[in-house]
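Structure, as structure tokens:
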Amino acid sequence: MQKPGYYGQWGGAFIPEVLYETFKELNAAFTAAKADPAFWQEYVDLMATYSCRATPLTHADNLSRHFGGAQIFIKREDLNHTGAHKANNVMGQGLLVKRMGKKRVIAETGAGQHGVATATMAAKFGLECTIYMGEEDVMRQRPNVFWMEKLGAKVVPVTSGSKTLKDAINEAFRDWVTRMDDTHYVMGTVCGPHPFPEMVAWFQSIIGQEAHQQIIKQFGSLPARVYACVGGGSNAMGIFQGFLDHGEVELIGVEAGGHGIDSGQHAARLASKDASAGVAQGYHTMFLQNDDGQMMDTHSVAAGLDYVGVSPILTDLWQQGKVRFEAATDQEVMEALELTMKREGIIPALESSHAFVQAYKEAGDMEADEAIIINMSGRGDKDIFTVAHAFDDPSWKEFIIKKGAEYAA
Amino acid sequence: MQKPGYYGQWGGAFIPEVLYETFKELNAAFTAAKADPAFWQEYVDLMATYSCRATPLTHADNLSRHFGGAQIFIKREDLNHTGAHKANNVMGQGLLVKRMGKKRVIAETGAGQHGVATATMAAKFGLECTIYMGEEDVMRQRPNVFWMEKLGAKVVPVTSGSKTLKDAINEAFRDWVTRMDDTHYVMGTVCGPHPFPEMVAWFQSIIGQEAHQQIIKQFGSLPARVYACVGGGSNAMGIFQGFLDHGEVELIGVEAGGHGIDSGQHAARLASKDASAGVAQGYHTMFLQNDDGQMMDTHSVAAGLDYVGVSPILTDLWQQGKVRFEAATDQEVMEALELTMKREGIIPALESSHAFVQAYKEAGDMEADEAIIINMSGRGDKDIFTVAHAFDDPSWKEFIIKKGAEYAA
Amino acid sequence: MQLEQSIRAELDRPGKDILLMTHIVLGYPSLDINREVVRQMVDNGVEIIEMQIPFSEPMADGPTIVRANQEALEAGTTVRECLEFAEDMCKEHDISFLFMTYYNILYKYGVEAFFKKAKEIGIKGFIIPDLPPEEGEEFWALASQYDIAPTLIYAPTSTEERMQELAANARGFIYCVARKGVTGKQTDFDASFDQYMARCRRNTSLPLAVGFGISCRDDIAYLTGKADIGVIGTATINLVDDKGPEAVGPFIASLR
Amino acid sequence: MQLEQSIRAELDRPGKDILLMTHIVLGYPSLDINREVVRQMVDNGVEIIEMQIPFSEPMADGPTIVRANQEALEAGTTVRECLEFAEDMCKEHDISFLFMTYYNILYKYGVEAFFKKAKEIGIKGFIIPDLPPEEGEEFWALASQYDIAPTLIYAPTSTEERMQELAANARGFIYCVARKGVTGKQTDFDASFDQYMARCRRNTSLPLAVGFGISCRDDIAYLTGKADIGVIGTATINLVDDKGPEAVGPFIASLR
Ligand SMILES: Cc1ncc(COP(=O)(O)O)c(C=O)c1O
Ligand SMILES: Cc1ncc(COP(=O)(O)O)c(C=O)c1O
């Protein structure tokens, strides 16, 4: 029999002893919630009235014509409250926190997206909130820090390690082992110790449930392929679950190819040969690490994909051949983003743009009576600083220089 | 009999002769579309699959408890694609443009919201697009300019007059009188010459239709009051139309009180004594103008409300006593924004925050079995530069100074 | 009928195949310079001058005139000053003066009061580019009552049907806009322009003025025989900006 | 049983009411300084030293040790060097050495290979804070096989039921975490701490070590009679940072 919390050989809960009871309680609460149809209904209602679920499935007519192949559909997680699929997970965990009666939440954040979502949930549920964010990311993503603070959260810059996402996760655990009694750690993706991967995947499955119904209604049959970007893997798991039982639907996870899969500067765990099995951040999966087991620096234009590990559930599906993995380079991402804006008036997040890249590579070779779905995990307009920088936009720079001089005066 | 395009004594179409045929054609196309149920259905379907209509009606439990009076509901136009109610009007006019077979659209924009929405629509419908924007606004709202350009639009800075919204409108008309054959002018609000007020109000009525159904379903009866901010008046007209036939629902329009209604630095046309009847920008309404009929400089922390005129339809409703007008000062707006973020995890646009101010002033004096609806016309996270500036946030300034220095190096 | 009559009278004079109407923006660069410019225009044979009362929203004007409106207002030019200046001009010079402005200036002043005042001063006509006949019922009535010509506009986009409709209300002359667009850009005179002028002529018995982009002797020569009045607008504003008011006289003299 | 036996033997020696276990991060500030620090510790009576093999993700450690891990890695410290250093120490000094590290270091090395190597070197136990018994089946089996103590941890949050469960697998001693949180912060010793220690004692027959926030003679005095081993972690790292390795000997000497 499979050990609970394991997916094939992957997963587990590698946690300090001091959290043993906390995880016991969390597992119990989660198991009870999962078994209770009223809980799921409460979740769906909340997402329908507070966010805008069901999010639409948009037929991208122009792009379909442009590539002259498959009908391209886009699942619009960007239209969620706070601008990404992160809201699903966070609001779900918020309901669980209410059940457990805890008064405080903490979270890690890389790009800031999960931090903003958690701060939002905390405001909505009246919880105290602390967000850990690598110092590098605090500097890069100041707008998100501003919003988190305005939403009432405390943002703690993490100065250890590479000062990015993985270090923020470590720091969140350090907080949690100190204040487990009143605090819940809202893990932002389908990673970390059990039950997080299962829990986050469950909340995100709402994406796939909707997409399945929508494509049947709008297109008349299942899609041939479904594309999602993979950072930790939560948006991918979210949409994939709607089609996993249908072997005829090919599932494609797209990782950050950074400067290229052979450059050493990427975050492709499953699409490159650079990762190996390991145990860190509480779980067993494929990590980008050196021969000693030290985690490596990763790179991506998309902060949300710039992570050393990957969901144990996805690693298992990859190993079973149920999900194909590809990588998109930074440059391909910028091109896909530009094309999507110009042709459809839609601005995918840099993370989401990775999924678009691979779909665009393949759509033209498919038949017009086939459909593909791209999971648009978030919107890009929140990332003006990163996007304008990546496009190296001269008038943006001029604007910032002027504004800076104005404030410095 | 009422002259077409008139609301009481207000409205009309004060247009240069060169546009006579263009308006004739536009009126005909609009009248035909309005009479055709298939057109409205096409519009609703488009908004359901491309934007996220119906947008939710959120019960703000925390704020309701906080004020201890009426049940506060928030109509979530912020969740629309592009982040505001502007999308409704723009996508509707886009469908009309397709019907008319025009190949190019132009629009004015102040805050940039309508410009981004129009650029988005143009990308979606494959139209050429030029956006006129006051030079002042271009400088203040560079992020929106960046997105418009990336969406494929040409943004033309307007250097005449006060270099703001009203001047952008004049400039758009100057373009239109030059290229009326292939060009449609996508007016952004319920102002300007007939048929724009009627047309924009019609497209925006989708807000009120939904809100009416939603409040009945979620609360069980009609609201006692409905609040909306009023720049040109499109979001207000949008929601008000769902309740205009129900005399028991009080409708409240909230204008920009700027530095105070007695300061001379505001944009309160109907809530102050400073406006008088006039004819400009193609229509007859109450304008903030001097004794010679020259338009005055207006002020608001919210660029989208910073306008000299106001919808002729609203002026008529105000005159008839069917809509009450109030003003919210810049300072009140920042307080309401902060409270809304902290208590509900929702970030209203500065424009929308005006409606929240007045609702907050009144909610506490109402009964718990009464409901009010606040129309949240847009989201505030797109306005980081303005909002962070208005909050005078020191770490934001520091961030910008640093970034500026980096780019200047 | 005052304005049409003076136009016809001028046109009947030997050698006057085409009249000149010029344009100034009151208060730009100053009323004093306006005064000098008008003197030079009149001395050099201009038959009609349209005096634009500046407005903050000059929607139908091009960049040069827009800027002139704006600077006149920034310099503090008021409607009262414009009226006083106009009164002086009508007294001093024996040509036809018109007011050109946007409707709000009249509206705010009081439309009837404005007509009354203009009449007192001796103004012969109004050009209000944002007032189509559909919106001008009160205005037409007052125009008849005060015998001030409510100049109407033909555009290249006007159908013959529309021209007929407009002709029914028009007095004085018809202002034929030479091309689509706003004031201040060059107009190409070509076959389609000739057809347009023929269409204008067919649909009114009033004299025809042609404006928008007329700036030199060649333009005037081209218009002669096709139109009754050539309108010089932006050209003199640019001239005064570049070379001062003294340059206006020789320029006008050079046109015919 | 090697480790428990040596502990019991030490505790049986006269005047040894409590043993001292100290902690170093290998490669911080350098292996040379580590060598000197170990010498000073041993010379001043420390009975057990836990040598932390640095890891890039030291999730259960506080700021000081986190920084030490990081700087050790930045200086290029490898697992192989750590093992060689450990081998030297075990040869040079006749006290008990343990490895403290995170599970990935073993996992990547090969868990069995790591046990084998540690055994060869003479290491007596492992402390792996992110390896709960539930995840350690292979690990326990190898620990028995190689007779290396798989030190288990009690926390203030552990129930008696859980302590029993842990005790069943534990060897060597039980590491009682003095308080919630990570290494390096001061611990308040109060009545609830005493109750916690009593609970620990009730639920195992193994010696008890107490760590987290033990930094001075008073702390050790307080623990004496309650615990068998006092663990000094962050305190010596800070000391070496501030005053250099020479300060370690006198500090250790001052503790009991
Ligand atoms: C918009 C967006 N998409 C994708 C991701 C990657 O996370 P995941 O792989 O868990 O969906 C992030 C993470 O921040 C994100 O913000
Ligand atoms: C978010 C938002 N709300 C309100 C307005 C004001 O426009 P209106 O009064 O037409 O709704 C604007 C205009 O830019 C806006 O962007």
Side-chain angles (χ1 to χ4, degrees), chain A residues 3-6 11-25 158-163 165-183 192-194 276-285 287-297 308-309, chain D residues 53-63 65-67 69-70 72-74 77-82 101-109 111 128-137 152-159 161-163 165-166 174-177 179-185 212:
Chain A
K3 232 165 110 173
Y6 271 83
F14 294 80
I15 49 167
E17 187 59 32
V18 67
L19 289 177
Y20 179 81
E21 294 298 326
T22 309
F23 270 79
K24 209 165 132 184
E25 180 195 358
V158 175
T159 56
S160 57
S162 54
K163 303 177 190 176
L165 178 58
K166 70 176 181 58
D167 311 288
I169 294 181
N170 293 331
E171 203 61 32
F173 272 112
R174 291 184 190 114
D175 178 311
W176 209 13
V177 299
T178 314
R179 288 193 57 178
M180 71 291 284
D181 296 333
D182 69 343
T183 298
H194 178 70
S276 59
V279 173
Q281 310 222 293
Y283 68 113
H284 181 213
T285 196
F287 285 99
L288 288 165
Q289 55 181 335
N290 69 15
D291 291 343
D292 269 4
Q294 312 296 356
M295 297 301 143
M296 304 204 293
D297 278 354
V308 289
Chain D
I53 303 176
F55 180 47
S56 57
E57 318 302 311
M59 167 170 132
D61 282 295
I65 297 184
V66 167
R67 189 172 42 77
N69 272 262
Q70 193 174 329
L73 291 174
E74 280 165 6
T77 310
T78 63
V79 172
R80 196 176 46 78
E81 284 170 349
C82 293
T101 194
Y102 289 84
Y103 189 54
N104 201 44
I105 298 297
L106 282 69
Y107 183 90
K108 222 11 210 178
Y109 192 90
V111 181
I128 314 291
D130 65 345
L131 188 73
E134 289 72 15
E135 298 295 350
E137 282 159 44
L152 282 180
I153 292 167
Y154 283 0
T157 53
S158 306
T159 58
E161 186 190 346
R162 177 65 177 169
M163 287 180 173
E165 228 172 272
L166 293 169
I174 296 277
Y175 191 125
C176 303
V177 168
R179 52 164 171 72
K180 297 169 192 169
V182 290
T183 54
K185 281 194 201 115
F212 282 39

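Note: hydrogens, waters and symmetry copies are ignored here, and every other heavy atom, side chains too, is used. All chains are named by letter (A, B, ...) in the order of the sequence lines, taking the proteins before the strands, and each is independently numbered beginning at 1.
- Between the side chain of A:Arg174 and the main chain of D:Asp61, a donor-acceptor pair closer than 3.5 Å is present.
- Here A:Asn290 contributes atom CG and D:Lys108 contributes atom NZ; the two are 8.0 Å apart, rounded to the nearest 0.5 Å.
- Across A:Thr178 and D:Gly181, no two heavy atoms sit closer than the pair OG1-CA, 3.3 Å.
- For chain A, the nearby part of D:Arg162 is the side chain; its heavy atoms alone come within less than 4.5 Å.
- Note that CG of D:Asn104 and CD of A:Gln289 are 4.5 Å apart. Values are rounded to the nearest 0.5 Å.
- The NZ atom of D:Lys180 lies 8.5 Å from the OG1 atom of A:Thr22; values are rounded to the nearest 0.5 Å.
- Between A:Ala13 and D:Pro132, the shortest heavy-atom contact is O-CG, 3.4 Å.
- Heavy-atom minimum distance, A:Asn170 versus D:Ser56: ND2-O, 4.5 Å.
- Formation of a donor-acceptor pair under 3.5 Å by the A:Asp292 side chain with backbone atoms of D:Val79 is found in this model.
- Atom CG of A:Asp181 has more than 12 heavy atoms from other residues, nucleotides or ligands within 6.0 Å.
- Nearest approach of A:Val177 to D:Val182, heavy atoms of both residues: CG2-CG1, 3.8 Å.
- Closest approach of D:Thr157 and A:Val18 over heavy atoms only: OG1-O, 2.8 Å.
- A heavy-atom distance below 4.5 Å is found between the side chains of D:Tyr107 and A:His284.
- The part of D:Leu73 that comes within reach of chain A is its side chain, from C-beta onward, which places non-hydrogen atoms under 4.5 angstrom from that chain.
- For the atom pair CD (A:Glu171) and CE (D:Met59), the distance works out to 12.0 Å, reported to the nearest 0.5 Å.
- In this structure, A:Ser162 OG and D:Glu57 CD are separated by 7.0 Å, a value rounded to the nearest 0.5 Å.
- Contacts with chain A were tallied for D:Arg80, D:Glu135, D:Gln70; D:Glu135 has the most, counting heavy-atom pairs under 4.5 Å.
- Contact tally against chain A (heavy-atom pairs below 4.5 Å) for D:Pro58, D:Pro63, D:Gly136, D:Ala155: the top residue is D:Pro58.
- Highest contact tally toward chain D, considering only A:Ala277, A:Gly12, A:Ala280, is held by A:Ala277 [criterion: heavy-atom pairs under 4.5 Å].
- Comparing A:Tyr6, A:Tyr20, A:Phe173, A:Trp176 by heavy-atom pairs within less than 4.5 Å of chain D, the highest count is held by A:Tyr20.
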### Task
Show your working on salt bridge (Lys or Arg N to Asp or Glu O under 4.0 Å) between A:Lys3 and D:Glu134 and close with a plain yes or no.
CA-CA 10 Å; A:Lys3 232 165 110 173; D:Glu134 289 72 15; over 6 Å; no

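- In this structure, the side chains of D:Leu166 and A:Glu17 come closer than 4.5 Å at one or more pairs of heavy atoms.
- Contact annotation: the side chain of D:Ile105 approaches that of A:Gln294 to within less than 4.5 Å [non-hydrogen atoms, C-beta and beyond].
- Below 30°, between 30° and 60°, or above 60°: for D:Tyr103 and A:Phe14 the angle between ring planes is below 30°, a parallel geometry.
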